[in-house]
Amino acid sequence: MLKPGSTIGILGGGQLGRMLALAAARLGLHCHIYSPEKDSGAFEVVRASTCAPYDDETALARFAASVDVITYEFENIPAKTAAFLAKRKPVFPDPRVLELTQDRLVEKNFIDGLKIAVAPYAPVHSASQLAAGIEKVGLPAVLKTTTMGYDGKGQTKIKKGDDANAAWRSLKNKPCVLEGFVNFEREVSVIAARSADGHVECFEVTENEHRDHILKISTVPAKVSPQLATEAKRVATRIAKALDYVGVLGVEMFVVKDKGKQAVLVNEIAPRVHNSGHWTIDGASVSQFEQHIRAVAGWPLAKPLRFGRKVEMTNLIGAEIHDVDHWLTVPGVSVHLYGKTEARAGRKMGHVTRVYPK
Ligand code: AMP
């Protein structure tokens with residue numbers, strides 16, 4: 001168990017790192033952010049920071065020497081970087097988890113291996129595999145690159161009559177996974193925290209609405225049956241256990257109707273705090289960021305309680321940052337801005353959370 005005054009090293013300097021550092025500060029812990037990007041928003045809120053590439057071993061060694069434990073806010077940390085650091089300081093979650101979640105196919109095989117339902121899928125490394133995949137999963141389908149895809153990047157839909165090979169070419173013929181298109185009723189996620197001693201605490205199931213493949217609104221409670229909510233949490237808990245996970249992870253799921261009853265299919269695992277858990281900062285007695293810091297610091301997890309009858313988190317994306325003047329005046333709304341200067345299209349600039357009183 002880290003003592004107050006200890007330092008947590010965080011790889012990645014975006015808004016997730018920034019919110020982790022703010023949560024750590026509340027608990028009397030320091031953070032050292034390591035990020036290759038000069039304008040990392042997390043640098044502003046920490047005592048120590050390193051701006052260096054992920055393959056700079058001198059900088060990595062110095063970073064490791066200055067912290068007590070290391071975590072990350074970004075899953076595409078090179079495996080070599082994580083291995084280098086893990087030789088010097090404890091890294092949570094274990095770098096093995098990064099390798100697994102950096103490749104969609106490896107991740108899907110893992111979830112499927114746990115007998116947890118996923119959309120039908122097939123690997124695509126060649127034109128013949130693409131044809132066989134279409135045969136197996138049917139159309140419409142979604143073709144996704146196995147690596148580096150996020151917010152809808154690196155994926156394309158294939159409908160009946162489309163030229164599937166052209167779709168694959170649009171993804172530069174990279175290794176892909178072909179997934180059957182899920183006619184989902186809604187999308188939900190479970191944010192789960194697991195401590196080093198194996199205790200798991202899940203936040204309430206969150207309902208997520210995407211716009212242009214980017215999360216727009218998260219709402220709690222989700223419109224799901226109590227049975228479905230229990231099942232969704234059981235699935236997330238099972239994944240966390242199977243990974244021997246320490247920290248917070250987000251599990252994105254599709255809710256489908258199966259013989260008139262709701263059922264879940266896992267879409268994706270995020271081995272980090274997750275955008276759909278931002279509501280917990282203002283809408284619950286403990287935030288996902290604090291839970292993650294508690295877990296990696298070896299502290300006990302808190303039991304999260306929701307405030308209000310409903311909590312709604314809205315992302316401010318790109319030019320929506322200019323709506324902030326409006327949001328600042330809405331009763332019950334908390335405003336979070338990430339300190340990014342350039343409001344590029346599709347960029348997450350901040351979020352607002354509205355807690356509806358009981
Ligand atoms: P992903 O990058 O896999 O998280 O996908 C981003 C979003 O695309 C999801 O949140 C869904 O809204 C949509 N999507 C992804 N895969 C599928 C699928 N197999 N069927 C239907 N919609 C999908």
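Numbers here simply count residues along the sequence, with the first being 1.
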Given the rule that I, L, V, M, F, W and Y join up when any side-chain heavy atoms are under 4.5 Å apart, are [X] and [Y] in one cluster?
{"X": "Y34", "Y": "I70", "answer": "yes"}
{"X": "I10", "Y": "Y338", "answer": "yes"}
{"X": "V45", "Y": "Y72", "answer": "no"}
{"X": "L20", "Y": "L337", "answer": "no"}
{"X": "F181", "Y": "L130", "answer": "no"}

Which atom names give the shortest non-hydrogen contact between [X] and [Y], and what distance separates them?
{"X": "A141", "Y": "L178", "answer": "CB-CD1, 3.8 Å"}
{"X": "A42", "Y": "I33", "answer": "CB-CD1, 3.6 Å"}
{"X": "H125", "Y": "P175", "answer": "CD2-CB, 3.5 Å"}

Give a yes-or-no answer on whether the side chains of S218 and N208 include a donor-acceptor pair shorter than 3.5 Å.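 S218 vs N208: donor-acceptor pair found between side chains.
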
Side-chain donor-acceptor contact under 3.5 Å, E185 with Q262: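 The answer is yes; a qualifying pair exists.
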
Counting heavy atoms not belonging to D212, are there more than 12 under 6.0 Å from its CG?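 12 or below, so no.
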
Flag yes if more than 12 heavy atoms outside R309 fall under 6.0 Å of its CZ atom; otherwise flag no.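 Atom CZ in R309 is packed in, count exceeds 12.
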
Which other residues belong to the hydrophobic cluster containing I317, where Ile, Leu, Val, Met, Phe, Trp and Tyr are joined when side-chain heavy atoms lie under 4.5 Å apart, directly or via other members?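 Members alongside I317: I214.
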
Would a 4.5 Å heavy-atom cut-off, applied to side chains only, mark P93 and T71 as touching?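 Contact flag for P93/T71 side chains = yes.
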
Residues in salt bridge (charged side-chain N to carboxylate O under 4.0 Å, His left out) with D68, at least two apart?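 Partners of D68 by the salt bridge (charged side-chain N to carboxylate O under 4.0 Å, His left out) criterion come out as none, since no residue qualifies.
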
Do K233's NZ or CZ and the ring of F203 fall within the cation-pi criteria of under 6.0 Å and 45°?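 K233 over F203 ring: no.
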
